[in-house]
Peer 1: 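Below are the structure tokens for one structure; questions will follow.
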Protein chains: 2
Amino acid sequence: MRPDDLNYRHLLYFWAVAKEGSITRAAERLGLSVQTISTQLGQLERQLGQALFAPQGRSLKLTEAGRTALAHAEQIFQIGERLRQALSEGTHTRPRFAVGVTDAVPKLFAFRLLESVLRPPLAVRLECIEGEFEHLLGELALNRLDLVVADRSAPQRANLKLHSHLLCNVGISLFGSTELHKRCAGNFPHSLAAAPLLLPARSNPLRGAIDAWLETHELRPDIVGEFTDSALLKTFGRAGLGLFPAPASMREDIAAQFGAVPVGPLQGVSESWYAIATQRRVQHPAIAIVQAAGGKQLAGD
Amino acid sequence: MRPDDLNYRHLLYFWAVAKEGSITRAAERLGLSVQTISTQLGQLERQLGQALFAPQGRSLKLTEAGRTALAHAEQIFQIGERLRQALSEGTHTRPRFAVGVTDAVPKLFAFRLLESVLRPPLAVRLECIEGEFEHLLGELALNRLDLVVADRSAPQRANLKLHSHLLCNVGISLFGSTELHKRCAGNFPHSLAAAPLLLPARSNPLRGAIDAWLETHELRPDIVGEFTDSALLKTFGRAGLGLFPAPASMREDIAAQFGAVPVGPLQGVSESWYAIATQRRVQHPAIAIVQAAGGKQLAGD
DNA sequence: GCGTATCTTCCAGAAAATGGAAACGTATTA
DNA sequence: TAATACGTTTCCATTTTCTGGAAGATACGC
């Protein structure tokens, strides 16, 4: 490699830093130490003969040259990622559509959202990945995912151009087996005082809203379980181990699949689901379909 | 860097090998040893999990996966090169147009070919590079040049998609100072038997044609100098040190600039100039202008 | 001011790239 | 058929580059 050739490893680190907005976060995402990134970044700047970042307080800000570099790097690594995928998936006829879904999103909702992209005219090969919200956003940034469906919108980070599209906002009720319903339906919500409850984990935005709701109603129910995965939560609910929160509008599905009925509404508590994508010149055609499907479910409520 | 990330250095070497058609040539161009390239290529294939090349006799042939990889690599390194240039040239308003010109091309011809791109509507910043034919083709392959003007067309190498456009074909005469003209113009070409001659170097295609012409006429003139640079050759000619070959149609220019007049035509000897470009989706707009300018000079002859 | 968060510099150990030597396989030539 | 030329691959010691611990510099918030 000639000395004046671009060092693509350095460029990759630069790209990560630019998108994450800080060396520290980029180092985390790349699984490297900050010194390493800082050093390589310095080498890249020295080689290019100009600064890509300017110190901005205790963090960094892209220079004009940096913006140019970022725009090019974005393209380069997008193509690189496509190459990696093209070679790893062999010669499938169906185009790939990779979606990350956080645990908290009801499987049925995700299913209805995504089922249509499998059918013509798109007929993609759907690749579904579950995982931590932050991890999924990382994969999105690396162009390894086309879309993330989550129960929260994306934090706005500098240069990481994410677009969060609200798919659906639903009111939440507590559901329970018929037995629990018998015990708790009367005098709701005061009947909850001694009721067993299955709740989302604290990392889940819905959990915060439910905790606040319990607070206002001065209720101290017996929290018997916490889950990140909404399906697992409902499976425990099906066994009658506790009341669990779920979208009021999914009453029928929950009755059919989990044998549970609404015990009472959590007034003012709602859950939102978002489709999060990177802003690209050419969006994956399946994204529009998914967004439309989200809108339909919203209208159906 | 994650272990399953693309190694862009390896990809660069693969790209060079694919375009050059052999590891040996790629190693030469990159200034590395064959073992190095071979090793890295092997690593890339192992990491991707499939062969990019298949042995074909004692050389290599792209596999289907290799063709996919090449197409992507081509884009990646083209963008990388644009980035390098965008950053090195700062914020010029004029778009860059980089042309390689081999020594053998008369400067005046090159000038007439290229002058129009400096003027509106294109108004590019012209970057002229002289050098060995092979070296210039290398720069072209690396996308560091947009066009090469040379006295020969490009050899057809596998995967190195070059397009040679014939600009001009001109008949050659021998020119000389008025003094030499006096000595040699009578009884041409037999008068050449004892005449001092300034000729292009043996690497030049025109030289082959001239040698053949001398052979057929059974002439053994006194070759006093060999030059790769046609301008330097003519400068010696101007000093009266020998007769020199030049396009018959440039008579007036040569009289004005080098004080030399035609002594006699080399029947059947001609020189061609070519504009050589890589085949891209979007050609540099200046290339069309240059090709048109070449056509005009041809018409004028 | 003091603790904390962030980037940078220095340096030694770890990892990767590199090329010399030689083996191997295939085409060309005698 | 053998000899030769050409091109790739493998082995391995050397060189270069990358990496992260430690410590220093600078900015922000309380």
Peer 1: Report yes if at least one side-chain N or O of B:Ser33 is closer than 4.0 Å to OP1 or OP2 of C:dT18; otherwise report no.
Peer 2: no
Peer 1: Between atom CG in A:Leu30 and atom C1' in D:dT19, what is the gap in whole Å?
Peer 2: 13 Å
Peer 1: Under 4.0 Å: is that the gap between some side-chain N or O of B:Asn7 and OP1 or OP2 of C:dA17?
Peer 2: yes
Peer 1: How long is the line joining CG of A:Leu60 and P of C:dA5, in whole Å?
Peer 2: 17 Å
Peer 1: Would A:Leu199 and A:Phe227 count as a side chain to side chain contact (heavy atoms under 4.5 Å, CB included) here? Give the steps.
Peer 2: CA-CA 6 Å; A:Leu199 293 186; A:Phe227 304 84; over 6 Å; no
Peer 1: May I have the distance from A:Leu44 (atom CG) to C:dT8 (atom P), rounded to whole angstrom?
Peer 2: 13 Å
Peer 1: With a 4.5 Å heavy-atom cut-off, do B:Gln50 and B:Thr63 have their side chains touching?
Peer 2: no
Peer 1: For nucleotides 21-29 of chain C, just jot down a letter per nucleotide in 5' to 3' order: B, S or -, based on protein non-hydrogen atoms under 4.0 Å.
Peer 2: B---BBB--
Peer 1: Verify the contact: side-chain N or O of A:Gln43 to OP1 or OP2 of D:dC18, cut-off strictly under 4.0 Å; return yes or no.
Peer 2: yes
Peer 1: Compute the angle between the rotation axes at the two ends of the helix from C:dG1-D:dC30 to C:dA30-D:dT1, each taken over five pairs, rounded to 10 degrees.
Peer 2: 30°
Peer 1: Are B:Glu226 and B:Arg207 close enough that some pair of their side-chain heavy atoms sits under 4.5 Å apart?
Peer 2: yes
Peer 1: So, is B:Ser38 close to the D:dT9 phosphate, meaning a side-chain N or O under 4.0 Å from OP1 or OP2?
Peer 2: yes
Peer 1: Hey, does A:Ile276 have a side-chain heavy atom less than 4.5 Å from the side chain of A:Phe133?
Peer 2: yes
Peer 1: Compute both the distance and the angle, then confirm whether A:Arg152 meets the cation-pi test with A:Tyr274: under 6.0 Å from the six-membered ring centre, within 45 degrees of the axis.
Peer 2: no
Peer 1: Anything under 30° is parallel, anything over 60° is perpendicular, the rest tilted; go ahead and classify B:Phe97 against B:His284.
Peer 2: tilted
Peer 1: Could you work out which one of C:dT18, D:dT8, D:dT19 sits closest to the side chain of A:Gln40?
Peer 2: D:dT19
Peer 1: Would you say C:dA17 has OP1 or OP2 under 4.0 Å from some side-chain N or O of B:His10?
Peer 2: yes
Peer 1: Is the phosphate of C:dT18 approached by B:Tyr13 (side-chain N or O, under 4.0 Å from OP1 or OP2)?
Peer 2: yes
Peer 1: Which part of the nucleic acid, if any, lies within contact of A:Thr24, taking any heavy atom under 4.0 Å across all strands shown: a base, the sugar-phosphate backbone alone, or nothing?
Peer 2: sugar-phosphate
Peer 1: Do the side chains of B:Arg9 and A:Asp5 get close enough for a salt bridge, i.e. N-O under 4.0 angstrom?
Peer 2: no
Peer 1: Take B:Glu127 and B:Val99 through the side chain to side chain contact (heavy atoms under 4.5 Å, CB included) test and state the conclusion after the steps.
Peer 2: CA-CA 6 Å; B:Glu127 219 164 83; B:Val99 184; over 6 Å; no
Peer 1: If you take the centroid of each ring, where Trp contributes its six-membered ring, are B:Phe53 and B:Phe14 closer together than 6.0 Å?
Peer 2: yes
Peer 1: Is the closest basic N to carboxylate O distance between A:Glu28 and A:Arg25 below 4.0 Å?
Peer 2: no
Peer 1: Give the rounded distance in Å between these two atoms: OH of A:Tyr8 and P of C:dA17.
Peer 2: 16 Å
Peer 1: Taking atom C1' of D:dG7 as reference, at what distance in whole Å does atom CD1 of B:Ile37 sit?
Peer 2: 14 Å
Peer 1: Rounded to the nearest angstrom, tell me the gap between atom CG in B:Leu32 and atom P in C:dA16.
Peer 2: 18 Å
Peer 1: Has A:Arg9 got a side-chain N or O lying under 4.0 Å from the OP1 or OP2 atom of D:dT19?
Peer 2: yes
Peer 1: So what does B:Ser22 hit on the nucleic acid, given a heavy-atom distance under 4.0 Å: a base, only sugar-phosphate, or nothing?
Peer 2: sugar-phosphate
Peer 1: Nearest whole Å is fine: how far is D:dT8 P from B:Leu52 CG?
Peer 2: 15 Å
Peer 1: Whole Å only: how far is the CG atom of B:Leu41 from the C1' atom of D:dT10?
Peer 2: 15 Å
